[in-house]
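Proteins get letters first, then strands, A, B, ... in listed order; numbering begins at 1 in each. Side chains are part of it too, since the values below use all heavy atoms of this structure and drop only hydrogens, waters and symmetry mates.
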There are 2 protein chains.
Amino acid sequence: MSDTYGIAELAREFDVTTRTIRFYEDKGLLAPLRKGQRRVYASRDRVRLRLIMRGKRLGFSLDEIRQLIDLYDVDPSEVTQLRHFLDKIHEHKEILIGQQKDIAETLAEMERIEAQCSSLLSEKQKKRQTAN
Amino acid sequence: MSDTYGIAELAREFDVTTRTIRFYEDKGLLAPLRKGQRRVYASRDRVRLRLIMRGKRLGFSLDEIRQLIDLYDVDPSEVTQLRHFLDKIHEHKEILIGQQKDIAETLAEMERIEAQCSSLLSEKQKKRQTAN
DNA sequence: CGCCCTCTTTACGTTTACGTCAACGTCAGG
DNA sequence: CCTGACGTTGACGTAAACGTAAAGAGGGCG
């Protein structure tokens with residue numbers, strides 16, 4: 001385990017372009033070390049990138065994603081921050097639970113239509129059989 | 001039940017602007033009747049709008065959403081279309097199931113952090129108590 | 001009739017999330 | 001030393017999803 005990664009390496013692994021990774025850095029989502037001019041990514045950065053991709057799959061904006069993964073780095077020394085942090089977590093949980101509901105509904109509909117459609121298809125197949 | 005709606009009416013109900021609704025029409029997501037120049041939306045259009053909003057909450061592009069809600073209007077006469085239709089459904093189900101997984105993982109993490117953070121907070125509260 | 005209000009089209013502006021050069025640095029291998 | 005692969009910083013381009021402003025149509029009502 002090398003524990004550090006080049007930009008191209010990460011790009012391959014997550015199937016994005018290097019441009020994309022640099023863009024995320026511009027937006028404050030990543031902050032790799034530098035070896036001279038070159039970016040050197042630690043496993044911590046890789047985790048963040050994984051979180052970013054997951055956030056994107058769930059339809060969150062890069063800005064929202066940044067706020068979220070920043071939560072993982074909150075310093076738990078100040079009580080006020082802790083409260084605010086818990087609020088943020090709760091807020092996001094609400095959204096996720098809403099999405100769960102949306103997905104469940106959609107899946108239910110899909111399966112209803114699917115079943116209806118399958119039976120229609122097998123019916124047509126039968127007709128073909130008897131037509132022979 | 002009036003069974004028909006004006007554009008502003010729908011805009012209020014779904015908390016979007018009329019511009020947005022017209023935009024969806026431009027993109028082929030809606031096709032209301034016209035009374036003279038004015039748009040008249042039937043309950044069918046309202047259902048479609050609801051589907052659009054749900055799709056957006058799940059992070060799908062308008063293009064993907066259009067493909068999906070068009071599925072609800074497929075003519076089940078041609079077998080080839082039926083097969084293709086079932087493929088589309090299956091494809092989308094895969095995505096939704098992937099999202100379910102993403103959400104479950106994220107929720108799990110959130111709750112882990114939340115718990116950790118809550119205990120930290122109550123600990124601090126105790127210190128305050130004893131400090132009095 | 002005149003005014004107001006809603007709706008219409010047209011068109012240009014904006015933000016997000018990158019793509020696409022261009023021009024240059026750097027380092028290993030032949 | 002030269003090449004080629006990989007990396008760097010700008011800078012400009014672009015597609016999606018609307019926002020916004022302009023200018024006009026049409027209808028109800030005092």
Side-chain angles (χ1 to χ4, degrees), chain A residues 2-42 45-46 48-70 92 95 99 102, chain B residues 2-42 45-46 48-70 92 95 99 102:
Chain A
S2 67
D3 212 28
T4 66
Y5 312 84
I7 190 168
E9 203 173 341
L10 281 186
R12 266 192 306 277
E13 180 176 349
F14 290 98
D15 196 33
V16 294
T17 65
T18 59
R19 170 69 176 104
T20 298
I21 295 182
R22 290 195 197 96
F23 182 74
Y24 293 161
E25 184 177 343
D26 264 27
K27 294 296 163 183
L29 294 169
L30 292 172
L33 296 175
R34 300 290 181 124
K35 195 170 185 171
Q37 208 175 23
R38 307 219 168 169
R39 290 164 175 82
V40 179
Y41 298 86
D45 298 307
R46 193 162 149 248
R48 286 177 84 95
L49 193 46
R50 190 184 307 284
L51 291 176
I52 294 170
M53 301 314 283
R54 201 170 62 188
K56 289 200 59 183
R57 284 197 301 275
L58 295 176
F60 294 102
S61 75
L62 292 185
D63 214 70
E64 291 168 323
I65 294 174
R66 184 173 44 71
Q67 291 177 35
L68 282 170
I69 61 185
D70 280 353
H92 192 61
I95 299 177
Q99 285 193 340
D102 281 332
Chain B
S2 67
D3 213 27
T4 66
Y5 313 85
I7 190 168
E9 202 174 342
L10 282 185
R12 267 191 305 277
E13 180 176 350
F14 290 98
D15 196 32
V16 294
T17 65
T18 58
R19 171 67 175 107
T20 298
I21 295 182
R22 291 196 196 96
F23 183 73
Y24 292 161
E25 183 177 343
D26 265 25
K27 293 296 163 184
L29 293 169
L30 292 171
L33 296 174
R34 299 291 182 123
K35 195 169 185 172
Q37 207 176 20
R38 307 211 168 177
R39 291 165 174 83
V40 178
Y41 298 87
D45 297 307
R46 194 162 149 248
R48 287 176 82 96
L49 192 47
R50 192 185 306 284
L51 291 176
I52 294 170
M53 301 315 284
R54 201 170 61 189
K56 289 202 60 186
R57 284 198 300 275
L58 295 177
F60 294 102
S61 74
L62 292 185
D63 215 70
E64 291 168 322
I65 293 174
R66 185 173 44 70
Q67 291 178 36
L68 282 170
I69 62 184
D70 280 353
H92 192 62
I95 299 177
Q99 285 193 339
D102 281 332

Go through the side-chain N and O atoms of A/Y5 and A/R46 and say whether any donor and acceptor fall under 3.5 Å apart. yes
Are OP1 or OP2 of D/dC6 and a side-chain N or O of A/R38 less than 4.0 angstrom apart? no
Can you establish whether the number of heavy atoms outside A/D15 located under 6.0 Å from its atom CG is more than 12? no
Expected output: side-chain B/E25 to main-chain B/P32 donor-acceptor under 3.5 Å: no
For B/E9 and B/G6, indicate whether the former's side chain and the latter's backbone hold a donor-acceptor pair under 3.5 Å. yes
Does A/R39 make a side-chain donor-acceptor contact with the base of D/dT8, cut-off 3.5 Å? no
Rounded distance in Å - NZ (B/K27) to C1' (D/dC18): 10 Å
If you only use heavy atoms from C-beta on, which nucleotide in [options] is closest to the side chain of [X]?
{"X": "B/F23", "options": "D/dA11, D/dC18, D/dG19", "value": "D/dC18"}
{"X": "B/Y24", "options": "D/dC18, D/dA25, C/dT9", "value": "D/dC18"}
{"X": "B/S61", "options": "D/dA17, D/dG19, C/dG19", "value": "D/dA17"}
{"X": "A/R34", "options": "D/dA17, D/dT8, C/dG19", "value": "D/dT8"}

Regarding [X], tell me which of base, sugar-phosphate or nothing describes its non-hydrogen contacts under 4.0 Å with the strands shown.
{"X": "B/T18", "answer": "nothing"}
{"X": "B/R22", "answer": "base"}
{"X": "A/K35", "answer": "nothing"}

Specify the residue among B/Y41 and A/F60 whose closest nucleotide of DNA chain C lies further upstream toward the 5′ end. B/Y41
Pairwise 5' ranking along DNA chain C for A/Q37 and A/T20, keeping only the more 5' one: A/T20
